[in-house]
Peer 1: 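Got a structure here, written out as structure tokens. Questions coming.
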There are 2 protein chains.
Amino acid sequence: MATMVDVASLAGVSTSTVSHVLNETRHVEPETKERVMSAVKATGYRRDVLARSMRRARTDSIGLVVSDAGEPAFADMVHGVEEAAAHNGLSLLLANSAEDPARERAAVEALLDRRVDGLILARVAGSTAGLLERIRKEKKPLVLLDRLADLGGDQGQVDQVGVNNQAAMAALVDHLTSQGHERILLVSGDLRVSSLRERYDGFRAAMLTKGMAVPPELLCEGTVTAAATFDRVRPLLATASGRPTAILACSTLLAAGALRAVQHEGLRVPGSMAFATFDGFTYSDLFQPQITTVRQPAFQLGESAVSLLLQRLENPAAPATILRLESRIEFRRSTSNSSTD
Amino acid sequence: MATMVDVASLAGVSTSTVSHVLNETRHVEPETKERVMSAVKATGYRRDVLARSMRRARTDSIGLVVSDAGEPAFADMVHGVEEAAAHNGLSLLLANSAEDPARERAAVEALLDRRVDGLILARVAGSTAGLLERIRKEKKPLVLLDRLADLGGDQGQVDQVGVNNQAAMAALVDHLTSQGHERILLVSGDLRVSSLRERYDGFRAAMLTKGMAVPPELLCEGTVTAAATFDRVRPLLATASGRPTAILACSTLLAAGALRAVQHEGLRVPGSMAFATFDGFTYSDLFQPQITTVRQPAFQLGESAVSLLLQRLENPAAPATILRLESRIEFRRSTSNSSTD
DNA sequence: CTGAAAGCGCTTACAG
DNA sequence: CTGAAAGCGCTTACAG
């Protein structure tokens, strides 16, 4: 591999000049510049980013840690981040934490080791409290994505971008109650995940506003896998008496478990059970049942996270920004009374 | 940030000794070692991996570029790679190429710049011939994942891991013909993608073996998006005369386009059209129609790719390994004659 | 307009 | 058993 010294000697200049030409960081005579550039070409020189990073403050790279890049919503967020990063000349280091706090921690440490200029995190459910502290100590710009932090006032705020879960939930409850549903089973998952907590709180608030009861047996929370959700939901559907008339799942995973329970009990959607979910399934237009779904603007969430990070890099002292984008509800037959199936 | 010099002076030793203690690369008196370790703790010292990498041959990191980490099959491969990498103390730099050759090229360059110890690539359809050459020139270990290379003999071989597409296709054709299907529409996509090419070739070979005709109008190839596939497939289903009785899609994306065409024409699966696909949809057990699917052992593909890479790092001169794992076929109602729907 | 030289934080022969 | 010093490949004051 050719080094800068090779280029300099071939061009008959100093390495300072080569560096300045490459970085356009001070004026160089056109003719000299020319010589340098052709020496670069002749030697096939490529700047060593490791050495470069060691001298500079920046690495022009950012890190993204998501709990599972394979989940549809996260996949789109990743795309958004990639697009925006590439657009801004940043390279992206991506890591999955697989919903495992230890993996998440390890991923963050690896990214810090590589001196990323900033971090974007969609944290896992059991994310340790120390993680944000660790990043703050390193003085690394940080943006929280989708799963936000509920920080106390004096801990300092963090830039965050998520969706307006309350509003989406209110609209969904509106829709379901307008169809005459009074007994709605909420499958809300792990409430340590802020987005799930917000949906849970949003549901209760919306029901309260409507003057409707929310009996505890219709709040199914705490399950983390589809299988566990199946086990929890199934008994709730077993007997016709007291059975909910609608199920509302707060994530794709939860929807999968709940739907499996519905089918296991021989109930048809929407014939004998209405069903709606957040996030939902890919290619769902092709399959039955057609499920009413709250779609996040996932791609834009990713893009916005990068924007916030860039702003933060520009202006480290600015107050934190908290962005809430609006979701879109796709109404389908699974919550429609007029349907025959 | 504390540096090695800080640690050394606090412990009253040289930086050599600190380095050797940290790397366990030469014997150090237990008592000295102790002093160094407590100085490390006291200063909160963390080794600078950039500086370290600059002096060493290795960065203990590998790069993975996939065409879309959000597609189910690729998502599982990514998980396999991550798991195996973590297990071997390697950190993983992941990049999506979004089926765009330019993005792929940029991703590879970024990874080379970061001096990954090796690369794993699931290449895009239009991947430039120069890409492999570029990596070879850099003398970087490389493993091809899922989408293999059809290299000429004297270009030198590359380590690769994929599935046995021929065998899976033969079994599928066996299954369909045994159900009485003679007119099978093959939706094969972009034949520059080696796995799709293999499925295409496998189909023709299997049909030939059965002594069955493969009329050109039942070979739908070259489409890259679901929308384009829809447009190509729809007219083939428009009139009952000459309509295929079964459709075989070679990827999730192609299946989506074809299925949309089937539904647009008002045909029911499997009532009026049998349907099978490679890769398939997630959570497909929950939805109708239930589609016969060839599942790749995607996670294991990812793991195997890392194994091959590690072997290559150990032994750069060894002949290339080409690994073929077996897929599993999930037979479902979409290809079952006895079903009423 | 350009160059000589220090320095980023490590690793590793070389020497004792 | 340990240390002084060179060097990895850059960037950047400093000097002219």
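What's counted below: heavy atoms across the whole structure, side chains too, no hydrogens, waters or symmetry copies. Proteins get letters first, then strands, A, B, ... in listed order; numbering begins at 1 in each.
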Peer 1: Could you pull out all residues at least two apart from A:S67 that satisfy side-chain contact (heavy atoms from CB on, under 4.5 Å)?
Peer 2: A:F74, A:S97, A:E99, A:V124, A:R147
Peer 1: If you assign B:S16 and A:V18 each to the DNA chain D nucleotide with the nearest heavy atom, which residue ends up on the more 5' nucleotide?
Peer 2: B:S16
Peer 1: I'd like to know if the side chain of B:K140 and the backbone of B:L119 have a donor-acceptor N/O pair within less than 3.5 Å.
Peer 2: no
Peer 1: Please answer whether the main-chain N or O of A:S127 pairs with a side-chain N or O of A:R123 as donor and acceptor at a distance below 3.5 Å.
Peer 2: no
Peer 1: Are the side chain of A:D6 and the backbone N or O of A:T3 linked by a donor-acceptor pair below 3.5 Å?
Peer 2: yes
Peer 1: Which residues within residues 21-32 of chain B lie with some heavy atom under 4.0 Å of an atom in DNA chain D?
Peer 2: B:R26, B:H27, B:V28, B:E29, B:T32
Peer 1: Side-chain donor-acceptor pair under 3.5 Å between A:R103 and A:N96, yes or no?
Peer 2: no
Peer 1: Name the first nucleotide and the last nucleotide along DNA chain C (5' to 3') that come under 4.0 Å of a heavy atom in chain A.
Peer 2: C:dC1 to C:dG9
Peer 1: Could you check whether A:E29 pairs with A:K33 (Lys NZ or Arg NE/NH1/NH2 to Asp/Glu carboxylate O, under 4.0 Å)?
Peer 2: no
Peer 1: Near DNA chain C, which residues from residues 35-47 of chain B have a heavy atom under 4.0 Å away?
Peer 2: B:Y45, B:R46, B:R47
Peer 1: Find out whether A:Q296 and A:L301 are in side-chain contact, i.e. whether some heavy atom of one side chain is under 4.5 Å from a heavy atom of the other.
Peer 2: yes
Peer 1: Which is true for B:V13 with a 4.0 Å heavy-atom rule: it touches a base, it touches only sugar-phosphate, or it touches nothing?
Peer 2: sugar-phosphate
Peer 1: Hey, are the side chains of A:L22 and A:V40 touching, using non-hydrogen atoms and a 4.5 Å cut-off?
Peer 2: yes
Peer 1: Using distance alone, with no hydrogens and no angle criterion, decide if B:R114 and A:S91 have a side-chain donor and acceptor under 3.5 Å apart.
Peer 2: yes
Peer 1: Walk me through it: do B:S14 and B:V18 pass the test side chain to side chain contact (heavy atoms under 4.5 Å, CB included)?
Peer 2: CA-CA 7 Å; B:S14 71; B:V18 175; over 6 Å; no
Peer 1: Can you find a side-chain donor-acceptor pair between A:T59 and A:D117 that sits under 3.5 Å?
Peer 2: yes
Peer 1: Check the pair B:Q157 / B:I322 against side chain to side chain contact (heavy atoms under 4.5 Å, CB included), numbers first and verdict last.
Peer 2: CA-CA 9 Å; B:Q157 285 294 324; B:I322 300 183; 4.1 Å; yes
Peer 1: In this structure, which stretches of DNA chain C are paired as stems of three or more consecutive Watson-Crick or G-U pairs, both distances less than 3.5 Å?
Peer 2: C:1-3 with D:14-16, C:5-12 with D:5-12, C:14-16 with D:1-3
Peer 1: List the residues meeting salt bridge (Lys or Arg N to Asp or Glu O under 4.0 Å) with B:D60, not counting sequence neighbours, and say none if there are none.
Peer 2: B:R56, B:R58
Peer 1: For B:T17, report the nucleic acid contact type (base, sugar-phosphate, nothing); a contact means any heavy atom under 4.0 Å.
Peer 2: sugar-phosphate
Peer 1: Return the 5'-most residue of the pair B:T15, A:G12 with respect to DNA chain C, ranking by each residue's nearest nucleotide.
Peer 2: A:G12
